[in-house]
Amino acid sequence: MPISSPYKPLLILLLAGFLAALISVSIGSTAIGFEDTLRVITGSGTELQQTLILELRLPRTLSAFATGGLLAVAGALMQVLLRNPLADPYVLGLSGGAAVGALLAMLAGAAGFLVSGSAFAGAMLATLLVFGLAHGSGSWTPSRLLLTGVVVAAGWGAIITLILSMTPASRLPGMLYWLMGDLSHAATPWPGLIILLLVCLMVFPLGRALNVLARGSLQAAALGVSVRPLEWSIYLMASLLTATAVTMAGSVGFVGLVVPHMLRLVLGNDQRLILPACALAGGTLLVLADTLARVVIAPEQLPVGVITALIGVPTFLYLLYRSR
């Protein structure tokens, strides 16, 4: 039975994601052929190959895919919420709150789960702070929410600078790598993948309402959409996605900005197609970026945020020029 044309892009992106993951787990300090990689995935292969792929490379690859998908979907939701195609997941200061939480935990000597938990708590605190300040004694508007987020983000940036200036020199490299985006210490990818899947399943039935909301709140209300509850839901889901991504990999920029913008130019503005496409394309992009970060100056590794910035800046400028 032929696949209907609206779903062909999703199938292509799914295949691209699988190929990117195959490349990622095959490339490293010890190169493994694609055939050997497929044998390991199907349950055979040598013990060394199974250790390298299943215990070391595959969890990092899945973490990269989850992080990229989380950021891209969060970016698409933020752009609908703020009615601004240049909005991205970090515009409301969520990454700044997460960074402050993580850096304080590192400064106290914590590691592993405590750092991740502190980053998530910081992102949720930033969410409540921005929402509370933007709401005030009345209602909030997209422009008010955006301006509040920008100001709060500047405040988090000042606190981050203060923390770094008080940090002993021996701990600075780890903190700076985290701030630039680093997947080398990513723990299990499953929480991020589960949250990504659940949010995609939750927003799919809202696709029509999101399409109408993207045209303006007044038009959405006139067509029977419950605008305020929908905006709250979008904000909370985007905050959860961003907080989870920052918790997994630190501050990785440009994925949530470039991917939705690029897909919108290619696929149109139907959120029922854009959101799952963002999950697949964002994940694929970050898997490839992390692979480059591991091999470009091997045996040293670059922060993945450096690669996404080097890819994202010229790509976004080109897309912006083309969309004029």
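Bear in mind the structure is a predicted one, so any value in this text is a computation, not a measurement.
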Remaining members of the apolar cluster that contains Leu201, side-chain heavy atoms under 4.5 Å: Leu197
Member of Thr242, Val199, Leu81, Leu198 meeting the side-chain contact (heavy atoms from CB on, under 4.5 Å) criterion with Met237: Val199
Stepwise side-chain contact (heavy atoms from CB on, under 4.5 Å) check, Trp190 with Leu62: CA-CA 8 Å; Trp190 301 117; Leu62 293 177; 4.0 Å; yes
Member of Ile159, Val115, Thr167, Ile163 meeting the side-chain contact (heavy atoms from CB on, under 4.5 Å) criterion with Leu103: Ile163
side-chain contact (heavy atoms from CB on, under 4.5 Å) between Tyr177 and Val304, intermediate numbers included: CA-CA 9 Å; Tyr177 258 68; Val304 69; over 6 Å; no
side-chain contact (heavy atoms from CB on, under 4.5 Å) evaluation trace for Leu164 with Leu176: CA-CA 9 Å; Leu164 292 177; Leu176 292 176; 4.1 Å; yes
Spacing of CG belonging to Asp270 relative to CG belonging to Leu210, to within rounding of 0.5 Å: 10.0 Å
Nearest atoms (heavy-atom pairs only) where Ile195 meets Leu70: CG2-CD2, 4.3 Å
Exceeds 12 heavy-atom contacts within 6.0 angstrom, atom CZ of Arg171: yes
All side chain to side chain contact (heavy atoms under 4.5 Å, CB included) counterparts of Leu317, not counting sequence neighbours: Val313
Residue pair Arg60 / Ser24, side-chain donor-acceptor N/O under 3.5 Å: no
Side chain to side chain, Thr284 and Leu13, heavy atoms closer than 4.5 Å: no
Derivation and outcome, side-chain contact (heavy atoms from CB on, under 4.5 Å), residues Leu147 and Val151: CA-CA 6 Å; Leu147 290 174; Val151 173; 5.6 Å; no
Partners meeting side chain to side chain contact (heavy atoms under 4.5 Å, CB included) with Leu128 (sequence neighbours left out): none
Spatial distance of atom OG1 (Thr67) from atom CE (Met248) [nearest 0.5 Å]: 4.0 Å
Parallel, tilted or perpendicular: rings of Phe316 and His261 (30°, 60°): tilted
